Engineer: 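Here it is, the structure in full.
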2 protein chains.
Amino acid sequence: MASSSDPARARGDRVAVTIKDVARVAGLSIATVSKYMNGGHVLDDNRVAIEQAITTLGYRVNVVARGLKTRRTMTVGVLIPSIEQIFSTEIIAAIEKQLAKAGFSTIVCDCQLDAELESRKMEILLEKQVDGIIMMPFSGLAEPIQKAIDQGVPVILIDRKVEGVILDTVLVDNENLARQAVSSLIQAGHRRIGIVLGPKDLYTSRKRHTGYLAACHEHGLVVDPDLIRHSDYQIPGGSAAFLALLDLPDSPTAIFTTNYETTFAAGLIINERGLNIPLDLSWIGFDSLSMAQIFKPRLTIVAQPVRQIGETAAQLILERLSGAGGFACEAREVILPGELIAGLSTGSIRTIAD
Amino acid sequence: MASSSDPARARGDRVAVTIKDVARVAGLSIATVSKYMNGGHVLDDNRVAIEQAITTLGYRVNVVARGLKTRRTMTVGVLIPSIEQIFSTEIIAAIEKQLAKAGFSTIVCDCQLDAELESRKMEILLEKQVDGIIMMPFSGLAEPIQKAIDQGVPVILIDRKVEGVILDTVLVDNENLARQAVSSLIQAGHRRIGIVLGPKDLYTSRKRHTGYLAACHEHGLVVDPDLIRHSDYQIPGGSAAFLALLDLPDSPTAIFTTNYETTFAAGLIINERGLNIPLDLSWIGFDSLSMAQIFKPRLTIVAQPVRQIGETAAQLILERLSGAGGFACEAREVILPGELIAGLSTGSIRTIAD
DNA sequence: TACGCTGCGCGAAACGTTTCGCTCTTTGAA
DNA sequence: TTCAAAGAGCGAAACGTTTCGCGCAGCGTA
């Protein structure tokens, strides 16, 4: 009832209950209450008095004030290209869970696939005095990252490296995964295998490209540059690249789409054209387990270890953040294995010929 | 170079450049620099001096300190059931964009489908002194929300109402959407229409239920309770409910799955059993435009206006936050229309009989 | 010439914490 | 019985801002 009749509250003003109020009600000094709040030992009588004062007043620590004083906000910033990509959200969820265990909270920023915004959001995170940053680089520029480094804020990179900075990085073994996927197609008898990649200068795309080439060389396949298509890794660009492959005079018998968006785009086109998978075309996708399951026939995909990526990144930032000299050791690089999850979207070329 | 040789920096300490430093370098008082920083007018000479000092020092305002002083953090908390649900992430993206325009940043908390955590995360948001909260309730309990209200922090609810609190709310016209979907099936000649709902006490599920009943009554259809299945709105529960409908002695000719997870579950089962849609079964799903597009045949779905939900919620909280007496007006309820997006997953019952 | 007004800058007090160093009390060993 | 050590609480300063109220010029008007 007090809450509704208090004029300050009705006016929308924050009627802040402070540690001072708790101290007064408990009949103790601020210092003692603070000590209790931070796990220090106080006399039993006082402990009871403080606890009672806290509940009756409804006291809640003001972490803004605490952060100002301690210069630690117990907050880690996460900067990603887009919050609407499932790949990112699954990683975020893992990061968040892991950090919460250690008492850190997470503040997520996405740059909406905009390099300018990537820099601005980094600025905002630093203004907010985050203790550390986990970043999935978008622009690939070192400049936004350098800001954090200059400020002495540790940064962990995930998914891709960035030229010009040396930092802890969590990567996926893209090259090997692509090699495996393409090898499986070659072993099924395919000789003309198309691949839809991303931008030429994108780290992950380059690695997947290398993996493709490695598989070809391994099996003595001559690489036809027409079969290698770069896109922007978005849906429209992915569609264009996929269509270009399909409409090749000597079109491939198998195609590997190397990220979620291009895989999705391919699925749309396949449905539209009524292509029979794997009779007309063998197809391996990337990420998006749920889409792979819903596609008919079930899609074979390369799956990245999203949960593990998040957990590892969280682990690394926590180590940097722990006072235990974590800051001193040099940059580490963790490369996580992914998985080729077999579906029914690839067939043997011999079967087709039969 | 200074950055790498500075021992404080190497030690990981934050070498904070403060407004004090800027004032000293610019040869002005702190007050003047602060005035400039906040858009106040200063003499041209001084403006130049300040700007130069800021760039040479690399000064960045400390919003923690500012927040302590102003009692406004320019931050809005967003509390959702799970960050891994596409429905939520699309809304968050819209909220974030809209709030950023007004200079607010967003801090997202998900409670991982855990009522306990919903309360804890609310506590954390309040400790962080967010200026307002946009919440998609999970537990349906008023208790966590009441905490914010007691603190005088405005709350906007999205997606569902909560008993015991009266607040601005952004809803979707679930009842009408369900009515439309079911009506379309009835008009196609279906008489036995199954529906997979969520928990009985969940607001959205109840509304969708009502819409189903309304459509039946409208067309003089007798409602068979066997055709109405409640689930937990998760994938395993959705599968069970869907299977129960399929395996009914007199199984339905059409089924309406009423959220993303149950729709996904249905898709898996349909693929597994090799059901021919819409010949064997007409099917309407919910949310998940991208899944609907990838499914064969393209799925007819009820789509919620995600972007609009986010934008409206942001709008409402901004109004509450603007000093312009926004706090005074009474709670508003916005009900947004959704859309029935036609695919190829529903057929006329007559066609089947032919 | 005098007066008041306006614009600009400044000092200092707060915001809600933590923490340092001090005092006082209690305890236990010599 | 004495004394040191340990335990507990306290006052006050500091964290980096904003903002209030004041003083000082400069200027236009009477």
Side-chain angles (χ1 to χ4, degrees), chain A residues 8 13-50 53-54 57-75 103 126-131 151-152 323, chain B residues 8 13-50 53-54 57-75 103 126-131 151-152 323:
Chain A
D13 292 8
R14 205 70 60 81
V15 263
V17 176
T18 74
I19 197 173
K20 217 177 282 182
D21 301 310
V22 175
R24 186 172 34 76
V25 171
L28 292 164
S29 78
I30 291 178
T32 307
V33 178
S34 173
K35 187 179 178 188
Y36 166 82
M37 290 295 297
N38 291 287
H41 204 284
V42 299
L43 290 185
D44 259 21
D45 286 356
N46 294 337
R47 184 179 51 72
V48 172
I50 292 173
I54 286 177
L57 290 172
Y59 171 70
R60 186 174 292 125
V61 68
N62 181 333
V63 297
V64 172
R66 173 184 286 173
L68 175 59
K69 181 63 198 175
T70 61
R71 293 149 139 258
R72 295 195 78 192
T73 53
M74 296 301 282
T75 301
L126 293 175
E127 280 181 356
K128 283 189 181 294
Q129 313 291 121
V130 295
D131 296 332
Q151 186 105 351
Chain B
D13 292 7
R14 205 72 58 83
V15 263
V17 176
T18 75
I19 197 173
K20 216 177 283 182
D21 300 310
V22 176
R24 184 171 36 73
V25 171
L28 292 164
S29 79
I30 290 178
T32 305
V33 178
S34 173
K35 190 180 180 188
Y36 166 82
M37 290 295 297
N38 291 286
H41 204 283
V42 299
L43 290 184
D44 258 21
D45 285 357
N46 294 338
R47 185 179 51 72
V48 173
I50 293 173
I54 287 177
L57 290 172
Y59 171 69
R60 186 175 290 125
V61 67
N62 181 333
V63 298
V64 172
R66 172 185 284 172
L68 175 59
K69 180 62 198 175
T70 62
R71 291 149 140 259
R72 296 195 79 192
T73 51
M74 296 300 284
T75 301
L126 293 175
E127 281 181 356
K128 283 188 182 293
Q129 313 291 119
V130 294
D131 296 332
Q151 186 105 349

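Worth saying up front: this structure is predicted, and the values here are computed from it rather than measured. Proteins come first, then strands; the chains are lettered A, B, ... in the order of their sequence lines, and each starts at number 1.
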Engineer: Send over the distance from Q129(A) CD to dT17(C) C1', rounded to a whole Å.
Structural biologist: 16 Å
Engineer: Does the side chain of T75(B) come within less than 4.5 Å of K128(A)'s, by heavy atoms?
Structural biologist: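 Side chain of K128(A) against side chain of T75(B), heavy atoms only: contact under 4.5 Å found.
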Engineer: Can you tell me the distance, in whole Å, between the CD1 atom of I19(B) and the P atom of dC10(C)?
Structural biologist: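 Going from CD1 in I19(B) over to P in dC10(C) covers 12 Å.
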Engineer: Polar pairs (N or O, both sides) under 3.5 Å between protein and nucleotides 22-26 of chain D?
Structural biologist:
none

Engineer: If only atom types and distance count, is the side chain of S34(B) paired as donor or acceptor with the main-chain N or O of I30(B) below 3.5 Å?
Structural biologist: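 Not at all, since once roles are kept as given, no pair shorter than 3.5 Å links the two residues.
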Engineer: Given dT17(C), dT17(D), dG16(C), identify the nucleotide with an atom nearest to the side chain of A16(A).
Structural biologist: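 The listed nucleotide nearest to A16(A)'s side chain is dG16(C).
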Engineer: Within this structure, what is the CG-to-C1' distance between L43(B) and dT6(C), rounded to whole angstrom?
Structural biologist: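 Rounded to the whole Å, the gap is 13 Å.
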Engineer: So, for R71(B) and A16(A), which heavy atoms are closest and what is the spacing to 0.1 Å?
Structural biologist: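 Looking at all heavy atoms of both residues, the shortest contact is NH2-CB, 3.9 Å.
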Engineer: Is the backbone N or O of L28(B) less than 3.5 Å from a side-chain atom of T32(B), with the two atoms forming a donor-acceptor pair by type?
Structural biologist: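 Such a contact is absent between T32(B) side chain and L28(B) backbone.
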Engineer: Between N38(A) and dT18(C), is there a contact of a side-chain N or O with OP1 or OP2 at under 4.0 Å?
Structural biologist: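 For dT18(C), OP1 or OP2 has a side-chain N or O of N38(A) closer than 4.0 Å.
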Engineer: Would you say the side chain of Y36(A) lies within less than 4.5 Å of the side chain of I54(A), judging by non-hydrogen atoms?
Structural biologist: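 Sidechains of Y36(A) and I54(A): in contact.
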Engineer: Quick test of your reading: applying salt bridge (charged side-chain N to carboxylate O under 4.0 Å, His left out), list the pairs with at least one residue in residues 24-39 of chain B, sequence neighbours left out, ordered by first then second residue.
Structural biologist: D21(B)-R24(B)
Engineer: Would you find a donor on one side and an acceptor on the other, under 3.5 Å apart, between the side chain of D131(A) and the backbone of T73(A)?
Structural biologist: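 Present.
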Engineer: Please state how far atom CG in L68(B) lies from atom P in dT18(D), giving the value in whole angstrom units.
Structural biologist: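 My rounded result for the distance is 11 Å.
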Engineer: Does any non-hydrogen side-chain atom of H41(A) lie less than 4.5 Å from one of R47(A)?
Structural biologist: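 Not in contact.
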Engineer: Please report the distance, rounded to the nearest Å, between NZ in K69(B) and C1' in dA14(C).
Structural biologist: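 Taking NZ of K69(B) and C1' of dA14(C), I get 4 Å after rounding.
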Engineer: Under 4.0 Å from any atom of DNA chain D, heavy atoms only: list the residues of residues 26-37 of chain A that qualify, in numerical order.
Structural biologist: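 Residues of residues 26-37 of chain A under 4.0 Å from DNA chain D: L28(A), S29(A), A31(A), T32(A).
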Engineer: Using a 4.0 Å heavy-atom cut-off, does V42(B) contact any base of the nucleic acid, only the sugar-phosphate backbone, or nothing at all?
Structural biologist: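 Sugar-phosphate: the residue V42(B), judged by heavy atoms under 4.0 Å, touches backbone atoms but no base.
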Engineer: Output the rounded distance in Å from CZ (R60(A)) to P (dG16(C)).
Structural biologist: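 Taking atom P of dG16(C) as the reference, CZ of R60(A) is at 15 Å.
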Engineer: How close do V64(B) and G67(A) get, heavy atom to heavy atom, and via which atoms?
Structural biologist: CG1-C, 4.0 Å
Engineer: Within the pair H41(B) and dG7(C), is there a side-chain N or O less than 4.0 Å away from OP1 or OP2?
Structural biologist: no
Engineer: Nearest-Å distance, CZ (R72(A)) to C1' (dG16(D))?
Structural biologist: 19 Å
Engineer: Without decimals, in angstroms, what is the distance between I50(B) CD1 and dC8(C) P?
Structural biologist: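 My rounded result for the distance is 13 Å.
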Engineer: Is R71(A) close enough to dT17(C) that one of its side-chain N or O atoms is under 4.0 Å from OP1 or OP2 there?
Structural biologist: no
